[in-house]
**Q** 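Dropping the structure in here first, questions after.
The shown structure was predicted, so the numbers you read here are calculated from the model rather than taken from an experiment. Each chain gets a letter, A, B and so on, in the order its sequence line appears, and its residues count up from 1.
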Amino acid sequence: MTGGVPAIEAVGVERTYALDGVDVPALRGVTLTIADGEYVAIVGPSGSGKSTLMHLLGGLDQPTAGTLRIGGRDVSGLDPGEMAHLRNATIGFVFQAFHLLGRTSALDNVALPLVYRGLGARQRRARAAQMLERVGLGHRMLHRPNQMSGGEQQRVAIARALVTEPVVLLADEPTGNLDSATGAAVLELLERLNTDEGVAVVLVTHDREVAARARRQIVMRDGLVLSDSAAPAGEVAP
Amino acid sequence: MRFAEAWRVALDALRANRLRSMLTMLGMVIGVGAVVILVALGTGTRDAVQAQVEGLGSNLLIVVPGQVNFNAAPTVSKLDRTDLDAVVKVVGDRDRVTVSLTSGENVRAGNNAMFTSVLGVLESTPKVFLRDLRTGTYLSRTDVDTGRRVAVLGDKVARQLYGARDPVGQQLSIAGVRFRVIGVFAPLGQSLGVDRDNEVHIPLTTAQRLIGTNRIDAFAVKAPDSDGIDSLGRDIVAELHRRHPDDEFSAVTQGQILGALGEILGVLTAVLAAIAGISLLVGGVGVSNIMLVSVRERTREIGLRKAVGARPRDIGLQFLLEAVLLTSVGGILGIVIGVGVSLAVGALSPVPAVVTWWSAVLAFGVSAGVGIAFGVVPAQRAGKLDPVVALRTD
């Protein structure tokens with residue numbers, strides 16, 4: 001995004017789930033802004049609402065109350081098709097479990113988001129190949145996920161997240177399924193992409209060490225932002 | 001591009017579960033195959049009946065006393081030779097008119113005997129009906145006028161009484177009266193349930209004397225062309241009714257016979273096809289079932305696709321195509337098998353089978369339609385999945 005428009009902007013965002021007729025609040029009023037090119041870690045114990053926040057920031061879900069703007073666009077009132085389009089245009093996801101398609105080559109896995117952007121096969125493959133080169137997997141393009149190590153799979157997933165040139169890359173416990181050395185390499189890759197290419201990275205983790213590497217930390221507890229290292233005192237939710 | 005991806009993914013999914021896909025298709029194969037085969041048999045039977053009716057000759061008009069109605073009581077004919085003269089006058093050509101007086105009789109030649117239909121007819125019979133002689137000659141006008149004891153045999157009668165010998169010139173006894181064989185018909189087979197090879201033609205006059213009657217059972221008239229056939233029939237019936245005011249008469253054309261039979265056979269074919277269609281429906285339920293399983297199995301994939309930008313209808317299309325692919329590949333296989341079996345039955349058995357292109361097209365259309373109809377619910381379910389929930393599924 002150009003100019004002063006933040007990548008993601010949440011104002012008083014709430015999310016309540018109805019479980020067996022009882023409303024369970026997962027987020028109880030979160031206000032935060034992710035600027036272009038930021039590197040943010042969201043931390044908190046399980047049940048703190050960080051996964052819910054991540055789903056909202058990624059446009060996978062809509063808030064029950066409050067305003068959420070992704071790439072400058074208010075998500076309230078968007079139908080599922082429009083939300084899908086918004087995700088495709090602005091967000092790249094990296095998941096703990098990689099979520100690669102098993103019977104599909106690394107190249108086609110990376111090219112997948114471009115299918116839903118409506119690009120032709122040749123263009124898709126060219127851009128996917130470029131991305132795989134950039135994450136250091138130029139030699140593994142036609143391998144399937146089950147022929148690759150966990151670290152390699154997560155790098156494929158990162159390439160897939162970046163192939164659409166998103167504004168924000170959302171990584172949900174990206175090192176959770178990796179040993180510490182491989183995890184460190186994946187984090188280095190994310191940091192390099194952030195500094196070299198200016199992609200905003202939002203990392204959700206419960207690992208304090210991983211979070212400490214980010215320039216900004218947001219701590220969640222009980223559906224609220226407990227602390228935000230970037231925000232002036234007044235901006236943290238009541 | 002999205003469509004091409006949906007195709008690719010659908011094909012891939014079917015390949016990934018080969019056995020399951022094949023078993024699901026089997027329902028469609030059987031249903032479509034059954035439709036094609038049953039329609040082929042129905043059509044073949046109708047064509048065979050049509051050929052039999054048309055094989056009697058063209059532009060035929062059969063005139064009988066009473067009503068042509070299955071419920072009507074059989075009518076004893078009051079027609080005689082004076083009525084023949086009147087009908088000839090209406091038609092205007094004696095060669096176009098023949099009559100029949102039928103009686104079941106024992107026939108004997110040497111030590112061989114059999115029971116057969118003896119028909120008293122006119123010399124014009126081969127001109128009205130299509131009857132070829134294998135050997136000898138047919139009855140002449142003189143034979144009819146003078147009541148000669150001569151006979152023309154059906155192929156089966158000739159074989160049974162004389163074996164390989166030539167019957168022409170041989171003696172024959174009908175109901176104990178001696179006749180001379182003058183000709184043998186070429187084999188004709190059945191027409192409308194009557195074995196045309198199992199009959200003996202003798203002059204009407206001779207037959208009347210043999211049975212001891214003056215009556216004529218029925219007239220057969222060959223109309224000059226198909227246009228005037230109905231009005232000619234009405235004229236003959238009117239003339240006969242004028243002569244016998246208390247009796248009813250009916251004229252039946254081949255078209256009417258074909259129409260009635262065609263209707264019966266058409267209904268029969270439709271009923272058979274509908275029964276086969278039920279198996280298509282059952283196959284469709286199987287497809288629906290498997291698609292629901294497929295959606296459940298691939299919930300995480302659906303979640304991932306949605307996360308990277310697949311819209312509900314992209315996902316729905318993918319699963320709908322998978323269902324349509326299942327049923328239409330099954331449909332094509334069913335057509336191939338159905339056509340093969342129909343051709344084999346037609347070639348190797350006496351059951352007539354005629355493959356019609358429309359039944360194949362219809363069966364394919366129905367199978368693709370079944371795929372759409374039974375794929376919609378699973379596809380919609382897949383399309384509506386919440387990506388958050390889908391991604392969390394194990």
Side-chain angles (χ1 to χ4, degrees), chain A residues 15 17 26 51-56 58-62 78-105 108-124 145 157 159-164 166 170 172, chain B residues 1-21 293-322 325 376 378-394:
Chain A
R15 181 68 171 95
Y17 295 102
S51 287
T52 305
L53 180 60
M54 150 107 180
H55 293 142
L56 286 169
L60 289 167
D61 198 3
Q62 285 179 319
L78 294 186
D79 68 27
E82 291 166 325
M83 290 292 281
H85 182 78
L86 183 66
R87 288 193 294 272
N88 186 265
T90 52
I91 309 288
F93 286 100
V94 177
F95 302 97
Q96 179 175 0
F98 319 142
H99 284 315
L100 299 176
L101 301 183
R103 299 167 44 81
T104 308
S105 69
D108 285 335
N109 261 298
V110 174
L112 185 68
L114 300 176
V115 167
Y116 300 110
R117 191 169 274 196
L119 255 55
R122 192 171 302 173
Q123 236 181 322
R124 291 201 302 257
R160 179 182 63 196
L162 290 172
V163 78
T164 53
L170 286 177
D172 186 4
Chain B
M1 266 67 76
R2 286 161 183 249
F3 193 75
E5 170 74 1
W7 259 116
R8 202 187 59 69
V9 173
L11 262 175
D12 202 52
L14 297 188
R15 270 202 300 261
N17 295 295
R18 271 204 195 86
L19 181 63
R20 190 169 85 187
S21 304
V293 171
S294 183
V295 169
R296 171 153 291 190
E297 275 180 354
R298 284 150 69 196
T299 302
R300 258 162 51 122
E301 177 192 328
I302 293 167
L304 183 269
R305 285 178 182 274
K306 287 195 155 188
V308 301
R311 296 167 300 176
R313 41 182 246 245
D314 294 321
I315 300 294
L317 180 69
Q318 174 189 327
F319 282 91
L320 194 58
L321 274 177
E322 192 177 323
L325 210 59
V376 159
Q380 276 181 344
R381 182 172 286 200
K384 280 188 192 150
L385 273 177
D386 179 350
V388 172
V389 176
L391 280 168
R392 226 186 273 138
T393 310
D394 295 315

**Q** Taking all heavy atoms of Pro312(B) and all of Pro80(A), pick out the closest pair and write down the distance.
**A** CG-CB, 3.6 Å
**Q** Would a 4.5 Å heavy-atom cut-off, applied to side chains only, mark Leu304(B) and Phe95(A) as touching?
**A** yes
**Q** Check whether Arg160(A) gets within reach of chain B through its side chain, its backbone, both or neither, counting any heavy atom under 4.5 Å.
**A** side chain
**Q** What part of His55(A) lies closer than 4.5 angstrom to a heavy atom of chain B: side chain, backbone, both or neither?
**A** side chain
**Q** Measuring only between side-chain heavy atoms, which start at C-beta, is Leu60(A) closer than 4.5 Å to Lys306(B)?
**A** no
**Q** Could you tell me which non-hydrogen atom of Ala310(B) sits nearest to which non-hydrogen atom of Arg87(A), and how far apart they are?
**A** O-NH2, 4.4 Å
**Q** Which heavy atom in Gly309(B) sits nearest to a heavy atom in Asn88(A), and how many Å separate them?
**A** CA-CB, 3.7 Å
**Q** For residues 378-388 of chain B, pull every pair meeting side chain to side chain donor-acceptor pair (under 3.5 Å), keeping only residues two or more places apart or in separate chains.
**A** none
**Q** Inspect the surroundings of CZ in Arg296(B) and state if more than 12 heavy atoms from other residues, nucleotides or ligands are less than 6.0 Å away.
**A** no
**Q** Report the distance from atom CG of Leu112(A) to atom CD of Glu301(B), rounding to the nearest 0.5 Å.
**A** 8.5 Å
**Q** Answer yes or no: is there a side-chain heavy-atom contact under 4.5 Å between Arg305(B) and Leu101(A)?
**A** yes
**Q** Are any of the side-chain heavy atoms of Arg311(B) and His85(A) separated by less than 4.5 Å?
**A** no
**Q** Within a radius of less than 6.0 Å around CZ of Arg313(B), do more than 12 heavy atoms belonging to other residues, nucleotides or ligands occur?
**A** no
**Q** Looking only at heavy atoms, what is the nearest atom pair of Ala307(B) and Phe93(A), with distance?
**A** O-CE1, 3.4 Å
